[in-house]
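Computed from a predicted structure; not experimentally measured.
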Amino acid sequence: MLGPVILAASRSDRMRRLISAAPVTKQVVDRFIPGETVDDIVPIIEERTAQGLELTMDVVGEDITTQDEARAARDAYLALIDRLAGPALGDRVEMSVKLSMFGQALEGGHELALANVRPVVEAAAAIGTTVTLDAEDHTTLDSMFAIHEELRKDFPQTGCVIQAYLFRTEADARRLAASGSRVRLVKGAYKEPAEVAYQQRHEIDKAYVRVLRILMEGEGYPMIGSHDPRLISIAQELARRAGRKLDEYEFQMLYGIRGDEHLRLAAEGHRMRVYTAYGTDWYGYFMRRLAEKPANLRFFLRSMVSKG
């Protein structure tokens, strides 16, 4: 399977240099990451919201090594929120944050990440929106869930992400599927050992449906993070069986993948949120998009051959 190989390459400085230097890389990366600055991304936000879509914004970058870099990540999100307040886009655009960007892996990382992310959550709430804490590899999750619980004491709308391929996720879903919670379910995009995660696609898909059922039958707000047409259909059926209205759950898909489906679901009255990343430190994010779906890798390789 190519996925684990690509994920390993996402941590390789040599591969980073090789891929970054390829002439075609930028135009392919632009498919998934439409800008590097807030000025680049605001027109994208305005265009998508005018189409009836909602967005969640991710400033790319994870492997920070200093407290100054963690504070810079905090400030990047605060700058974005400040810009969103101007055109009153807060009710259509939320933030997604990776706590690794806020210093979670540094010494005293749990407290540091909480201290850095709290001002972002406060600023988001002030303009009428919220923040979702992205899930990363399994070793970080206990810290992420503890920070999520702490933030929800003052900002109950704060969301979190759970990953279907982890064995622990069904139990996490039962705990989280409470009134007022917001939970995004994804398959999972990190290389995890067989001791903690399903490895086969069919096992992951079955786990996704089991967890999704728990969320749909719970009292929270499920966010279905998937591009899989079969899982989208199953989600719609589970929502119908649970008696959920169209505004009581939402679909989420990545910018640059299945754009026509974004518009189709929105036109049918579903809440459809586009996960949109931007920034200069794009490499790790880009490589995970290639690992998640063979079609993304084929698209990149064809572009390398035809343009390189």
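- With values rounded to the nearest 0.5 angstrom, Asp58 atom CG is found 8.5 Å from Ile33 atom CD1.
- We find the CD1-CD distance between Ile41 and Glu36 to be 10.5 Å, quoted to the nearest 0.5 Å.
- The shortest side-chain heavy-atom distance between Leu55 and Thr49 falls under the 4.5 Å cut-off.
- In summary, the side chains of Arg184 and Ser96 do present a donor paired with an acceptor at a separation below 3.5 Å, with no hydrogens or angles considered.
- Aromatic rings of Tyr255 and Tyr275 (six-membered ring for Trp) have centroids beyond the 6.0 Å cut-off, not under it.
- When all heavy atoms of Met144 and Val161 are compared, the pair lying nearest together is CE-O, 3.5 Å.
- A donor atom on one side chain and an acceptor atom on the other are not found under 3.5 Å apart for Arg182 and Gln157.
- Residues Arg264 and Glu261 are paired through a salt bridge, judged by an N-O separation under 4.0 Å between the basic side chain and the carboxylate.
- Not a single donor-acceptor pair under 3.5 Å links the side chain of Arg74 to the backbone N or O of Ala113.
- The heavy-atom pair separating Tyr249 from Tyr221 by the smallest distance is N-CE1, 3.3 Å.
- Residue Glu107 places its CD atom among 12 or fewer non-hydrogen atoms of other residues, nucleotides or ligands, all under 6.0 Å distant.
- No donor-acceptor distance shorter than 3.5 angstrom exists from the side chain of His262 to the backbone of Met253, with no hydrogens or angles considered.
- Cluster membership check: Ile45 shares its hydrophobic cluster with Val120, using side-chain heavy-atom separations under 4.5 Å among Ile, Leu, Val, Met, Phe, Trp and Tyr.
- A single hydrophobic cluster is seen to contain both Ile232 and Leu246, as judged by linkage of ILVMFWY side chains at heavy-atom distances under 4.5 Å, directly or through other members.
- Distance check, rounded to the nearest 0.5 Å: OH of Tyr278 to CG of Leu80 gives 4.0 Å.
- Ion pairing of Asp228 with Arg258 is absent here, as no side-chain N (NZ or NE/NH1/NH2) approaches a carboxylate O to less than 4.0 Å.
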Exercise for review: Could you give me the CA-CA distance, side-chain angles and deciding distance for Asp205 and Arg210, then say whether salt bridge (charged side-chain N to carboxylate O under 4.0 Å, His left out) is met?
Suggested key: CA-CA 9 Å; Asp205 286 353; Arg210 290 196 301 270; over 6 Å; no
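- A donor-acceptor pair is defined here as one N or O able to donate and one able to accept, closer than 3.5 Å; such a pair exists between the side chain of Tyr165 and the backbone of Tyr190.
- Rounded to the nearest 0.5 angstrom, Thr158 OG1 and Met95 CE are separated by 12.0 Å.
- Atom CG of Leu53 is separated from atom CZ of Arg271 by 12.0 Å, given to the nearest 0.5 angstrom.
- Thr65 and Glu69 share a donor-acceptor pair across their side chains, judged by distance under 3.5 Å alone.
- In this view, Arg175 and Asp172 satisfy the side chain to side chain donor-acceptor pair (under 3.5 Å) rule, not counting sequence neighbours.
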Point to revise | Stepwise side chain to side chain contact (heavy atoms under 4.5 Å, CB included) check, Leu176 with Glu149 | key: CA-CA 10 Å; Leu176 291 164; Glu149 184 176 354; over 6 Å; no
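- By the salt bridge (Lys or Arg N to Asp or Glu O under 4.0 Å) test, Glu250 pairs with Arg273, sequence neighbours left out.
- By the criterion of side-chain heavy atoms lying less than 4.5 angstrom apart, applied directly or through intervening Ile, Leu, Val, Met, Phe, Trp or Tyr residues, Val38 is grouped together with Val59 in one hydrophobic cluster.
- The only option from Ile224, Leu215, Leu231 that meets the side chain to side chain contact (heavy atoms under 4.5 Å, CB included) definition with Leu185 turns out to be Leu215.
- Within the 3.5 Å criterion, the main-chain N or O of Val274 finds a donor-acceptor partner in the side chain of Thr276.
- Ion pairing between Glu237 and Arg240 holds under the 4.0 Å rule for side-chain N and carboxylate O.
- When all heavy atoms are compared, the tightest approach of Ile81 to Ala123 is CG2-O, 3.6 Å.
- Looking at Glu136, its side chain does come within 3.5 Å of a backbone N or O of Ser100 through a donor-acceptor pair.
- When side chains are defined from C-beta on, Pro222 counts as touching Arg244, because their heavy atoms get closer than 4.5 Å.
- Checked by atom type and distance alone, the side chain of His110 never pairs as donor or acceptor with a backbone atom of Gln104 at under 3.5 Å.
- The heavy-atom pair separating Glu192 from Ala197 by the smallest distance is CB-CB, 3.7 Å.
- Of all heavy-atom pairs between Cys160 and Phe145, the closest is SG-CE2, 4.1 Å.
- Val211 and Leu166 fall within a single hydrophobic cluster, where Ile, Leu, Val, Met, Phe, Trp and Tyr side chains are chained together by heavy-atom contacts under 4.5 Å.
- The closest side-chain donor-acceptor pair between Gln163 and His138, if any, does not fall under 3.5 angstrom.
- Considering Val131, Thr130, Ile147, Leu133 as possible partners of Val121, the one that fulfils the side chain to side chain contact (heavy atoms under 4.5 Å, CB included) test is Val131.
- The line from CZ of Arg230 to CD1 of Ile234 is 5.0 Å long, rounded to the nearest 0.5 Å.
- By the neighbour-count criterion of 12 heavy atoms within 6.0 Å, atom CG of Asp260 is sparsely surrounded, having that number or fewer from other residues, nucleotides or ligands.
- Between His227 and Phe251 there is no side-chain heavy-atom pair separated by less than 4.5 Å.
- One side chain, Glu94 or Thr132, offers a donor N or O that lies under 3.5 Å from an acceptor on the other.
- Between the Thr140 side chain and the Asp137 main chain, a donor and an acceptor come within less than 3.5 Å of each other.
- Judged purely by atom type and a 3.5 angstrom limit, Thr129 uses its side chain to pair as donor or acceptor with the backbone of Val93.
- Across all their heavy atoms, Gln67 and Leu106 have their closest contact at N-CD1, 3.7 Å.
- Cluster annotation: Met223 and Val209 are assigned to distinct hydrophobic clusters (Ile/Leu/Val/Met/Phe/Trp/Tyr, side-chain heavy-atom contacts under 4.5 Å, transitive).
- For the residue pair Thr37 and Asp40, a side-chain donor N or O sits within less than 3.5 Å of a side-chain acceptor on the partner.
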